Amino acid sequence: MHDEWGPGGYRSAGAWTRPGHGPPFRATPSTPGIRGRETPSIMTERRTDATGWRSRGLGTVTIGQAGDELRLCGWVHRRRDLGGLVFLDLRDRSGILQASVGPDWSGEEAVASAGSLGAEDVVLVEGVVVPRPDDARNPDMATGEVEFQVRSLERLNRAETPVIPVYLSPEEELPSEELRLRHRVLDLRRVELQSRLASRHRMILAMRNYFDGLGFVEVETPILTKPTPEGARDFLVPSRVHPGEFFALPQSPQIYKQILMVAGFDRYFQIARCFRDEDLRADRQPEFTQIDVEASFVEEEDIYRWMEGCMADVARVMGGTAETPFPRLTHAEAMERFGIDRPDLRFDLEVRDFTPVLGALDSNILQGAVEAGGRIRGIHLPGGASLSRRQIEAIEAKAKGAGAPGLLWSKIQEGSASGPLGRFFQEDTSAALGARDGDLLLVAAGPDNVTSPALAAARMAAIESLELAPVRDHAWLWVTEFPVFEDGGDGSLAANHHPFVQPHPDDLHLLESDPLSVRGQAYDLVYNGTELGSGSIRVHDAGLQRRILGMLGLSEAEIDLKFGFLLEALKAGAPPHGGIALGVDRLVVRLAGGASLRDAIAFPKTTAARALFEGAPSPVPPVELADLGIQLMKGGGGGG
RNA sequence: GGGGCUGUAGCUCAGUUGGUUAGAGUGCCGGUCUGUCACACCGGAGGCCGCGGGUUCGAGUCCCGUCAGCCCCGCCA
């Protein structure tokens, strides 16, 4: 996009009237300096960043502007004071330009004030673009062919010495995350965050254009709403008008978008803010953004096709690749072959079932697991015998962290098997497994719900440890046929995704008799092992919906209280419908880089769910609480 | 709610076995310097060692508690 900035543009220095000390936010079209000339088109303006204050953006100045008289504005990024000659690296969002202040071309005042400028001061400079001397060009700088010879210089605003540096030397570490969040205004000036947020903007724009092109309508749903059914805690907002009653912030627009389908909106999407009052992680923020999509008279294939097209556009904008159609795995296949419902298919390493071979070995652990109804599954790592015992133990630690009692392993070296597993091997065991000299076997025995997570963790740890090369860089994947229910733990049923998933037609007859085996028309989109989002075809029959809610343990009264307005709507003639929602923040992190969601959000919360920059949340004066009919319990803070 | 890591100058970090006056780089302040781009050189200021308590003749260092940030489990799609 930026490469559209071409040479040319305005050669207009004399025509720009100096804005003097007036407010800097005068609308560009009414700026006297522009009136009377050709009004710049939006496109032209974007290409040069011209405003009433400045002729161009600093990063847009190239050799094509050599000789141009310009007025430029920006922050003092760095200053190199050579005594008689001062170099200022000036910065704005478009880039960095070296300005030079010297007695031969700068006014006395400019020379005097250039020496006293500090980092992050805001300046206005007037002067001329010149090619740099041959031996002073900087090939590492986008604008390094030229510099700006300052004739006059005005400090528009002084900046206190920044608490955290905006400019980091090549060897300098980032300031602590705490300081970066506390002084977010400075952190956001760094090019990494600026460009990532700009990428985010372009990504969202591409999504909006894409769905608009398919006839989707963006509809806004309420932020003040009713407690939603996803299962996370709601953020509650007290109602002043109705003391004792509360709104909830939406965990997602789920029910609203279904109602929009019943209302006939046919194809809906929304860039939607969602709120969940749960503890944070690197990939979880209490408020986050989803691209929320729903359509009527659709089957799963429609959703897959649309979203693949959307991801292809998004990837193009973000400089990635999304080859369509995406591969698919059923949930059962994914669990069997990778032990996880969001396998990272950049690597083709798979989990295998070793039960027939290893179950025959003379080992109490192995035989006991099989007799108890479990299996012996594991990972065969060609070349894995190069790992040290310490490295293997680190992999085992990951498996244990995922809930396994332990991992058995065997190195195959010089025709014999060693290790806690290898010592049970018989002559033909290695051959029966297809293992050769130099290989490593990692094995877990027990019920699938224990071995799967353990082997999934071991798989990724082994890949990392062996530094296996990915077989592809962008692994997009649909995981389909998620179960409708999961075990609630105490014999109860819980919704695996949410309670509105349409059961697979082939499994509908099992709903009451064997609910846990009922597959849903539910699917996740996975990218490089990250779950980007999930969706489903929804129940559109009020009776079936009521049945499912009942199976989840809700009484008729609760169903009416919580979901009455949805069931009411379904009875109004609901079309078959379905959709999906993807996490926008996660997409940005995966496609534009960044270590955590905090790097994709302008003003994120800390792990303890605080906003350090603005200082939220904060206590409120008792009188405000009284207005809301709220009294704090002891130890609950309050006051003001 | 639980576990782990971190907290020393504005910033990034070092600080030995518990031992005299807590250091470095960078930034900041003052000075010299006309082609730098991590400018260079000279000089200077700058410390509640997160906070509270304890052990000890003596604590940045050991112990307990607490606060904050980060990572993880629980929780949460």
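Since this is a predicted model, take the numbers as computed values, not measurements. Letters A, B, ... are given to chains in the order of the sequence lines, protein chains preceding strands, and every chain is numbered from 1.
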| Among B:U36, B:G69, B:C72, which is the nearest nucleotide to the side chain of A:R281? | B:C72

| Which of residues 110-123 of chain A have a heavy atom under 4.0 Å from RNA chain B? | none

| said: With nearest nucleotide decided by heavy atoms, which residue, A:Y167 or A:L612, maps closer to the 5′ end of RNA chain B? | reply: A:Y167

| Looking only at side-chain N and O atoms, does A:T606 come under 4.0 Å of OP1 or OP2 in B:G69? | yes

| remark: Among B:U12, B:A77, B:G35, the one nearest any side-chain atom of A:R132 is B:G35

| message | Can a donor-acceptor pair be found, under 3.5 Å and without considering hydrogens, that links the side chain of A:D92 to the backbone of A:G95? | response | yes

| message | Over all strands shown, is A:L280 touching base, sugar-phosphate only, or nothing at heavy-atom distances under 4.0 angstrom? | response | nothing

| query | How about A:R132: does its CZ atom have over 12 heavy atoms from other parts shown lying under 6.0 Å from it? | reply | yes

| Does a donor on one side chain sit under 3.5 Å from an acceptor on the other, for A:S100 and A:Q149? | no

| query | Can you tell me the Watson-Crick or wobble partner of B:G27, both distances under 3.5 angstrom? | reply | none

| note | A:Q98 has its side chain closest, among B:C71, B:U26, B:C37, to B:C37

| said: Need the pair for B:U17. Rule: Watson-Crick or G-U wobble, both distances under 3.5 Å, any strand; none if unpaired. | reply: none

| Taking atom types as they are modelled, is there a donor-acceptor pair under 3.5 Å from the base of B:U26 to the side chain of A:E171? | no

| query | Stepwise, does the ring-ring contact (aromatic ring centres under 6.0 Å, His included) test hold for A:F275 with A:F288? | reply | CA-CA 7 Å; A:F275 306 87; A:F288 58 99; 8.2 Å; no

| field | Minimum-distance nucleotide (side-chain atoms of A:D341 versus B:A38, B:G35, B:A77) | value | B:A77

| request: Check whether any side-chain nitrogen or oxygen of A:R610 sits under 4.0 Å from OP1 or OP2 of B:C67, and answer yes or no. | output: no

| task | Answer yes or no: does a side-chain N or O of A:T607 lie under 4.0 Å from OP1 or OP2 of B:C70? | result | yes

| query | Given that both distances must come in under 3.5 Å, which nucleotide forms a Watson-Crick or G-U wobble pair with B:A77? | reply | none

| note | A:H497 has its side chain closest, among B:C75, B:G69, B:A77, to B:A77

| Hey, does the side chain of A:T143 reach the backbone of A:T62 with a donor-acceptor pair shorter than 3.5 angstrom? | no

| note | Side-chain atoms of A:L181 come closest, of B:C70, B:A77, B:A68, to B:C70

| message | Between the base of B:C37 and the side chain of A:R79, is there a donor and acceptor pair under 3.5 angstrom? | response | no

| Among B:G35, B:C11, B:A77, the one nearest A:E147 by side-chain distance | B:G35

| query | Quick one: does A:D279 reach the base of B:G74 with a side-chain donor-acceptor pair under 3.5 Å? | reply | yes

| task | Identify which nucleotide among B:C11, B:G35, B:C76 has an atom closest to any side-chain atom of A:L85, counting heavy atoms from C-beta outward. | result | B:G35

| query | If the P atom of B:G15 is compared with that of B:A24, how far apart are they to the nearest Å? | reply | 15 Å

| message | Using Watson-Crick or G-U wobble geometry with both distances under 3.5 Å, which nucleotide pairs with B:C33? | response | none

| query | Is the shortest side-chain N to carboxylate O distance from A:R276 to A:E287 below 4.0 Å? | reply | no

| message | Just to be sure I understand the rule, does A:E177 reach a base, reach only the sugar-phosphate, or reach nothing, if contact means heavy atoms closer than 4.0 Å? | response | sugar-phosphate

| Side-chain-base donor-acceptor pair under 3.5 Å for A:R276 and B:C76 | no

| request: Remember a base hit wins even if backbone is also touched, and classify A:D524 as base, sugar-phosphate or nothing at under 4.0 Å, heavy atoms. | output: nothing

| Sugar-phosphate, base or nothing in reach of A:D81, heavy atoms under 4.0 Å | base

| What does B:A59 pair with, Watson-Crick or G-U, if both distances are under 3.5 Å? | none

| said: Any base atoms under 4.0 Å from A:A136, or only sugar-phosphate, or nothing? Heavy atoms, all strands. | reply: base

| query | Can you tell me if A:E396 uses its side chain to pair, donor with acceptor, with the backbone of A:L407 under 3.5 Å? | reply | yes

| remark: Considering only heavy side-chain atoms of A:L82, the closest of B:A38, B:G35, B:C37 is B:G35

| field | Note: A:E278-A:R233 ion pair, threshold 4.0 Å (strictly below) | value | yes

| message | Taking any heavy-atom pair under 4.0 Å as a contact, classify A:R342: base, sugar-phosphate, or nothing. | response | nothing

| task | Tell me which of A:L179 and A:P103 sits closer to the 5' end of RNA chain B, going by the nucleotide each one is nearest to. | result | A:L179

| Under 3.5 Å, is there a donor-acceptor pair between the A:Q194 and A:R91 side chains? | no

| Just wondering, more than 12 heavy atoms not from A:K605 lying within 6.0 Å of its NZ? | yes

| Pairing partner of B:G7 (Watson-Crick or G-U wobble, both distances under 3.5 Å) | B:C67

